[in-house]
Amino acid sequence: MTGIPVTPNFADGPLAGSTLAAEALAWCDRLWDEERGLPWAPAGHESFTGKGALHLIPQAGWYAVGLLVRGADGDHDRAMRIVDNICDLQYNEPGTDWHGTYPIMAETPHPPADASMWAHYDPNWRQFLGLSWVLMLARFANVLPSATADRLVQAVRLGVEGEPPSRCPATYTNIALKRAAFESIAGGLLDEPTWVLRAEALTEEVVALHDLHGAFEEFNSPTYAGVDFFALSIARQLSPSAAIRGAAEHLEASLWRTIADLYHPTLRNLAAPWTRTYGMDMNSYVAKAMFALQLIAEDVAPSPGFADDVAHGHDWFAAPICSLVGTMAPDDAVVALRTIGGLVDQRISDRRSATAWLGERVMMGAETCRADLSWWDQYIAAAMHWETSSRGIGWLSVRMPGRSAATAGEGYLDVPAGGATKGAVVVVGGCGEVTAPTGRNWSLPGLDVVVSTTLEQAGPGPFGGTCFVAPAGADVRFELA
């Protein structure tokens, strides 16, 4: 494969490869709780959990890896303390659904007998922390005290053995990739060949599903594409399986091409649609795909800054470990990241397809889907972005109830009602206070559009936007004026 590999040295010392990662690690230092020996959750988690300030779990593991890479005074001792504290919290309860995973937060109560996944425990912590542990064992063995190394081996074993065989389907892209990477690397380190074989089987399923149309089911996620890059890169470098290493290289290259097609270097955002997102503008919240973009194309990559209350700020803890593992992008994708791409037409699966148009200072994207995903707040089927008159980023999303039949093309975003009995919800953000359009013409800061239907203002919306509601059964179409 030709391409640009970006893999900082796996050695103690100054954090190489990404200025952003070093700055992120310094930001994370501010959340350290010396008394508890774990980092606090950043601002925003208090309202998210409803339980006040809490201590992070998987993010603490990522932080420990970053500390080992930086290697400043006190970093090693702090990292070892984090490992001990997290291992103390791991569930070692064979026969339970939460065996081998960890509390959601350090203060999360023990799961009750009738525990619900996600509410009482997060099964994905097995993979999120497991990859931190195998990375430590593989690359930092020379600085691990023997007792700590033994604890990590035990934590890895519990993480693999506690994972139910069928919990993670190939369609659950980011966790399927992380599980395959974790179990194969763990199998090599702990001499468990059956783990490697199981990881190879899951990888074959992921590749087969992806190669039907050249896309992941978790399509174009500003956050989870970053998780995918991390999982694929670490598998490509550390898996003992030649089959997994080859598959990881293939999938990593394909994912970069998808991202490059939909990335706008001026707006520094991915065009919609997004199967999963936690924000509308990558310049204003922490999205993990940004870490890979910083390594490959720093000059056009987004960065939301290091405010105490930056949205999704807990993902800053992943910047150092993602920088350490690095990524590899094909030459054509590197060029495309800096090119405004025009029209995109991508089949996602047999029931889903994406279209997008990227213009000089505006872009729009949409999804047609035969399943109803409108209930999911992470799913954005139709959106547009533009450069505002103050050189900020304006955005607009459309959520139509029911199955999405949305399409995007040169200068338009079309969201048919498709029999929906409720009106579409339009959210506008990133451009200050806005009001409903007068007639069909809407002048937004930096953008004039023609709207196909009347919109009624309906108060505040997600991601700091303003909501507008269309009449029930009305198609919604935006065209550049």
Side-chain angles (χ1 to χ4, degrees), residues 5-18 21-22 24-26 28-29 32 37-39 56-90 102 125-160 178 181-192 195 227 229-240 245 248 291 295 316-327:
V6 180
T7 310
N9 293 329
F10 288 113
D12 293 347
L15 191 66
S18 172
L25 188 59
C28 297
D29 289 340
W32 174 249
L38 290 169
L56 298 168
I57 295 296
Q59 294 84 358
W62 307 338
Y63 180 51
V65 174
L67 292 169
L68 291 178
V69 177
R70 184 173 63 185
D73 288 347
D75 281 352
H76 179 272
D77 290 346
R78 183 178 290 187
M80 296 304 96
R81 190 176 175 200
I82 290 170
V83 170
D84 283 337
N85 286 334
I86 295 179
C87 288
D88 286 344
L89 294 170
Q90 188 177 24
Y102 306 77
W125 281 191
R126 298 183 185 104
Q127 290 79 33
F128 274 81
L129 277 163
L131 281 172
S132 296
W133 300 158
V134 296
L135 186 56
M136 283 189 183
L137 289 167
R139 299 306 191 192
F140 298 103
N142 61 317
V143 299
L144 296 177
S146 59
T148 302
D150 289 345
R151 296 208 75 180
L152 289 174
V153 168
Q154 173 69 358
V156 168
R157 186 172 295 279
L158 290 177
V160 175
K178 288 185 80 101
F182 171 45
E183 294 190 2
S184 68
I185 298 168
L189 290 172
L190 277 62
D191 193 23
E192 293 284 357
W195 297 357
V227 179
F229 281 129
F230 173 80
L232 292 167
S233 186
I234 196 171
R236 172 171 51 79
Q237 296 171 77
L238 296 183
S239 175
R245 294 195 305 271
F291 306 146
L295 291 171
W316 273 132
F317 283 88
I321 195 171
C322 289
S323 176
L324 172 65
V325 170
T327 186

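Basis for what follows: all heavy atoms, side chains included, without hydrogens, waters or symmetry-related copies. Treat the numbers as computed from the prediction; the structure is a model and nothing was measured.
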Roughly how far, to the nearest 0.5 Å, is [atom2] of [Y] from [atom1] of [X]?
X: Leu137; Y: Ile185; atom1: CG; atom2: CD1; result: 11.0 Å
X: Leu25; Y: Phe317; atom1: CG; atom2: CZ; result: 9.0 Å
X: Cys322; Y: Ile234; atom1: SG; atom2: CD1; result: 10.0 Å
X: Ser132; Y: Ile86; atom1: OG; atom2: CD1; result: 8.0 Å
X: Tyr102; Y: Ile57; atom1: OH; atom2: CD1; result: 9.5 Å

Geometric cation-pi criterion, Lys178 with Phe230: 6.0 Å, 45°: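 No, Lys178 does not sit over the ring of Phe230.
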Just so I know, are the side chains of [X] and [Y] near enough to count as touching, which here means a heavy-atom distance under 4.5 Å?
X: Phe128; Y: Trp62; value: yes
X: Leu238; Y: Leu135; value: yes
X: Pro39; Y: Gln59; value: no
X: Leu295; Y: Ser323; value: yes
X: Met80; Y: Leu144; value: yes
X: Val83; Y: Met136; value: yes
X: Tyr63; Y: Leu56; value: no
X: Pro145; Y: His76; value: yes

Considering all heavy atoms, the nearest [X]-[Y] contact:
X: Pro240; Y: Gly188; value: CG-CA, 3.8 Å
X: Leu129; Y: Gly61; value: CD2-CA, 3.8 Å
X: Arg126; Y: Phe182; value: O-CE2, 3.7 Å
X: Pro320; Y: Gly66; value: CB-CA, 3.9 Å
X: Arg139; Y: Gln237; value: NH2-O, 4.4 Å
X: Asp29; Y: Arg70; value: OD2-NH1, 2.8 Å

Sole candidate of Leu189, Val134, Leu131 that passes side chain to side chain contact (heavy atoms under 4.5 Å, CB included) when paired with Val156: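 When Leu189, Val134, Leu131 are each tested with Val156, the side chain to side chain contact (heavy atoms under 4.5 Å, CB included) holds only for Val134.
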Qualifying residues under side chain to side chain contact (heavy atoms under 4.5 Å, CB included), relative to Arg81, sequence neighbours excluded: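 Partners of Arg81 under the side chain to side chain contact (heavy atoms under 4.5 Å, CB included) test: Trp32, Glu34, Asn85.
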Could you pull out every donor-acceptor pair under 3.5 Å between side chains of residues 148-155 and any protein atom, sequence neighbours left out?
| residue | atom | partner | partner atom | Å |
| --- | --- | --- | --- | --- |
| Arg151 | NH1 | Asp84 | O | 3.4 |
| Arg151 | NH1 | Asp88 | OD1 | 3.0 |
| Arg151 | NH2 | Asp88 | OD1 | 2.8 |

Donor-acceptor contact below 3.5 Å, side chain Glu192 vs main chain Ala186: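 Answer holds: no.
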Short side-chain to backbone donor-acceptor contact, Ser233 and Gly326, under 3.5 Å: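 Yes; judged by distance alone, with no hydrogens or angles, the pair exists.
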Check against side-chain contact (heavy atoms from CB on, under 4.5 Å), Ile82 and Leu67: CA-CA 10 Å; Ile82 290 170; Leu67 292 169; 4.0 Å; yes
